[in-house]
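Structure first, then comments.
Side chains included, hydrogens not; waters and symmetry mates left out as well; all remaining heavy atoms used.
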Amino acid sequence: MTLTAYRWELRKLISQKRTYLGLGLVIVLPLFFVIFQNFHQRHDHGADNIFASQIGQSGLATPVLMLLFLSVFMLPLAAALVAGDIVAAEDGNGTLKTILTRSVNRGQIFAAKALAAMTYATIAVFLSALVATVGGVASWGFNHVVTYSGTVVSAPEALLLVFAANSVYLIPLLTVASIGVLLSTVTRNSAAAVVGTIGFTIVLLIIAQIPGLEGIRPYLLHEQYENWHGLLRTPTDWAPIWHSLWVCALYAGPALFAAYLVFLRRDVAGG
Amino acid sequence: MSDAASAATATLPAASAPAGAEETQPVKARGLVKRYDDVLAVDHIDLNVRTGDVYGFLGPNGAGKTTTLRMALGLITPTEGKVELFGRDPLRRGAAALEGVAGFVEAPRFYPYLTGRKNLELLAALDGAGAKERINEVLEVVDLAPRAKHKVGGYSHGMRQRLGIAAALLRRPRLLILDEPATGLDPAGMRDMRELIRRLAGEGITVLLSSHQLPEVQELCDRVAIVDKGRVVYEGALSELRRQGGAGYRLRTSDNERALALASAHGGIEQATSVDGYVRLQADERDVGALSVALGREGIAILALTPELATLEDLFFSLTEGPTSPTPSPSPTSGSGSASGSGQERT
Ligand SMILES: Nc1ncnc2c1ncn2[C@@H]1O[C@H](COP(=O)(O)OP(=O)(O)OP(=O)(O)O)[C@@H](O)[C@H]1O
Ligand SMILES: [Mg+2]
């Protein structure tokens with residue numbers, strides 16, 4: 001039954017404009033980048049990022065650079081856009097009462113919604129990576145790249161690394177989605193939940209700037225957005241990945257659990 | 001855990017017969033309370049909807065009808081007390097308590113970006129148990145089949161209301177909970193809705209119908225609960241309520257003047273007054289019957305003799321507004337009389 005509810009959550013997403021707003025954002029940006037670079041062949045070897053300086057040499061540098069750009073704000077925004085809406089929209093429409101008076105329990109509906117929000121975030125990441133990879137390879141070829149450690153990596157291996165980096169980035173991104181689901185459940189207001197989710201990570205960012213609080217930086221959510229960098233060096237640095245895994249679990253676990261409890265008990269009035 | 005609970009309730013009826021009959025009661029509320037901060041929306045409500053009832057849940061705006069129905073459907077948690085559907089508490093059993101139960105509170109809501117049919121498909125998927133196969137059938141029942149391919153966002157109020165009924169029927173309910181289903185419908189829509197409810201009741205579905213439309217309740221319901229400010233002020237048979245209030249009748253004859261004189265002199269007729277073109281009688285059914293025989297004997301032809309809705313309305317007001325407010329005496333002729341007429345004359 002949860003699976004049925006999940007399938008329908010996805011169908012609802014497919015039928016909503018908002019869904020395409022987020023996806024559009026994370027597709028259009030890499031497309032723009034590729035097109036712009038094509039017309040404006042700069043070979044700025046002095047770029048501060050090693051992948052930026054390789055754009056013209058290998059198409060596989062593009063998805064890495066794009067992940068670097070989009071991971072900070074755009075992808076979390078896309079994830080928050082749908083996660084923050086997924087419960088609250090039904091509050092606004094009054095459809096929560098419609099689905100909660102059928103033969104599914106609240107827990108199942110909640111699980112379906114949380115899963116759907118995460119599925120969306122996952123699709124956003126890989127769709128964006130796909131566009132960047134195809135665009136990059138089509139423009140600058142399927143060539144080897146040089147990683148952070150200065151190691152030359154063959155094209156197929158680089159492709160695998162791109163995939164792995166995006167997968168690992170899902171750890172913090174699904175955490176953002178979980179927080180979005182929590183705020184969506186608690187605030188019952190899509191806009192508040194979306195803004196709140198993004199606002200939350202920004203607040204953490206500000207806290208990190210407070211003198212004397214530098215010590216907590218490794219435990220802040222946005223720091224985990226870079227957890228995949230360790231994959232792009234030889235030998236692979238697994239430490240940031242493991243670190244982000246447990247740090248993110250500490251954010252996402254309680255958020256999802258709290259959202260679940262609230263959803264189970266809350267009054268469904270209005271609408 | 002829930003299996004054990006259901007087993008326990010299942011064995012109860014066998015143990016004691018009279019209690020057993022109660023256990024499968026479609027709706028049983030005991031001491032229901034819902035408080036919103038300082039507002040006591042529902043204040044110790046008891047309800048007894050029995051199998052086969054078309055149960056009217058009457059009350060003025062803000063009486064607590066919707067709030068009570070929300071608690072019955074498990075959408076909100078009672079502050080105190082509990083409600084059971086067929087002996088199952090929706091709070092503890094979740095969706096399992098809603099088995100065989102369908103309906104909506106306030107206006108039924110759907111996904112505006114999906115078509116009517118897609119909405120029903122979604123709900124049928126959440127119902128399981130072959131609900132999907134019934135989609136065409138229920139669309140026919142509510143006369144929405146031609147519009148099923150359009151998005152609900154473009155539906156009129158009446159169409160949404162009918163889609164709400166269709167969605168409920170997908171579940172093949174034994175108990176149908178409807179919260180003011182005819183609100184906002186045009187006269188034809190209202191008539192169709194009543195006809196549909198009557199038909200469904202005829203098929204053996206127990207109906208709990210909240211309303212503040214007296215004609216609707218009078219036409220459809222056999223038992224009622226009247227609520228006011230969160231409290232039940234009357235629960236029982238509609239006929240009993242009417243008897244308590246003393247029935248009013250309208251009489252039109254070939255000779256109203258003599259009829260009035262005869263009625264005034266007739267024992268058992270509490271009051272007889274002449275109101276433009278007819279005689280208004282205050283008496284119970286038996287005495288009115290006796291009067292009609294007497295009129296016939298006197299050679300006065302009875303052209304029309306209809307019970308008057310106004311008395312129920314008066315009763316309703318006196319129950320919900322307290323004895324202090326006077327019953328609006330001259331009203332029956334105009335407003336409610338014409339609307340109620342068609343329903344009344346059939347009795
Ligand atoms: N979610 C809520 N928060 C605060 N107060 C509420 C809430 N829901 C209902 N109430 C209050 O409870 C009381 C009963 O409301 P309810 O909607 O149950 O009335 P009703 O009998 O259905 O009225 P109507 O005929 O207008 O539909 C009202 O005073 C209302 O303001
Ligand atoms: Mg109401």
Side-chain angles (χ1 to χ4, degrees), chain A residues 1-21 81-82 85-113 115-116 120 185 188 190 260-271, chain B residues 2 34 36 41 66-67 69-79 85 90-91 93-115 118-129 131-132 151-153 160 163-164 167-168 170-171 173 177 179:
Chain A
M1 218 53 191
T2 307
L3 208 67
T4 309
Y6 169 67
R7 268 213 317 274
W8 273 99
E9 283 304 322
L10 294 185
R11 286 184 135 176
K12 283 188 234 169
L13 285 182
I14 289 170
S15 315
Q16 280 174 282
K17 288 197 192 79
R18 174 185 294 258
T19 309
Y20 301 99
L21 191 70
L81 215 53
V82 161
D85 192 56
I86 203 143
V87 177
E90 303 231 9
D91 256 307
N93 279 345
T95 42
L96 217 43
K97 72 178 181 198
T98 307
I99 51 174
L100 290 180
T101 47
R102 315 305 293 196
S103 301
V104 270
N105 282 312
R106 288 189 182 203
Q108 295 173 310
I109 293 281
F110 178 79
K113 286 193 168 297
L115 272 178
Y120 178 79
T185 309
R188 309 182 179 200
S190 306
Y260 173 74
L261 289 184
V262 169
F263 192 77
L264 278 198
R265 282 144 206 243
R266 56 174 288 182
D267 277 2
V268 177
Chain B
S2 59
K34 183 66 182 181
Y36 290 107
T66 301
T67 306
L69 298 184
R70 280 207 177 100
M71 288 190 273
L73 287 169
L75 291 171
I76 62 176
T77 310
T79 311
L85 305 173
L91 209 57
R93 304 282 307 276
L98 296 182
E99 207 190 293
V101 182
F104 52 80
V105 288
E106 298 204 311
R109 294 301 176 102
F110 297 95
Y111 299 98
Y113 48 83
L114 297 177
T115 65
K118 271 271 178 294
N119 267 286
L120 292 185
E121 281 175 7
L122 187 163
L123 299 177
L126 298 182
D127 285 335
K132 194 164 192 288
K151 288 195 176 162
V152 171
R160 283 171 212 226
L163 191 61
L170 277 182
R171 290 173 67 74
I177 296 181
D179 190 12

Part of A:Gln108 lying under 4.5 Å from any heavy atom of chain B: neither
For A:Leu261, side-chain contact (heavy atoms from CB on, under 4.5 Å) partners two or more places apart: A:Phe257, A:Arg265
For B:Tyr113, is the OH atom crowded, meaning more than 12 foreign heavy atoms sit under 6.0 Å from it? yes
Pairing residues for B:Ala41 by the side-chain contact (heavy atoms from CB on, under 4.5 Å) criterion, not counting sequence neighbours: B:Tyr36, B:Thr67
Distance (rounded to the nearest 0.5 Å) between A:Glu9 CD and B:Leu122 CG: 8.0 Å
Is the backbone of B:Phe110 close enough, under 3.5 Å, to the side chain of A:Asn93 for a donor and an acceptor to pair up by distance? no
Heavy-atom closest contact (B:Lys118 atom, A:Trp8 atom, distance): O-CH2, 3.7 Å
Cut-off 4.5 Å, heavy atoms of chain A, and the answer for B:Phe104 is neither
Residue part contacting chain A, namely of B:Pro90, when any heavy atom lies under 4.5 Å: neither
Taken in chain and number order and not counting sequence neighbours, the residues that satisfy side-chain contact (heavy atoms from CB on, under 4.5 Å) with B:Leu120 are B:Ile135, B:Val138, B:Leu139, B:Leu163, B:Ala166, B:Ala167, B:Leu170
Counting only non-hydrogen atoms closer than 4.5 Å, can you tell me which residues of residues 100-107 of chain A sit against chain B? A:Leu100, A:Thr101, A:Arg102, A:Ser103, A:Val104, A:Asn105, A:Arg106
Taking every non-hydrogen atom, the tightest pair across A:Asp267 and B:Thr77: OD1-N, 3.0 Å
Among A:Arg7, A:Glu90, A:Arg11, single out the residue with the greatest number of heavy-atom pairs under 4.5 Å to chain B. A:Glu90
Please flag which part of B:Leu123 lies under 4.5 Å from any non-hydrogen atom of chain A: side chain, backbone, both or neither. both
Check whether A:Lys17 gets within reach of chain B through its side chain, its backbone, both or neither, counting any heavy atom under 4.5 Å. neither
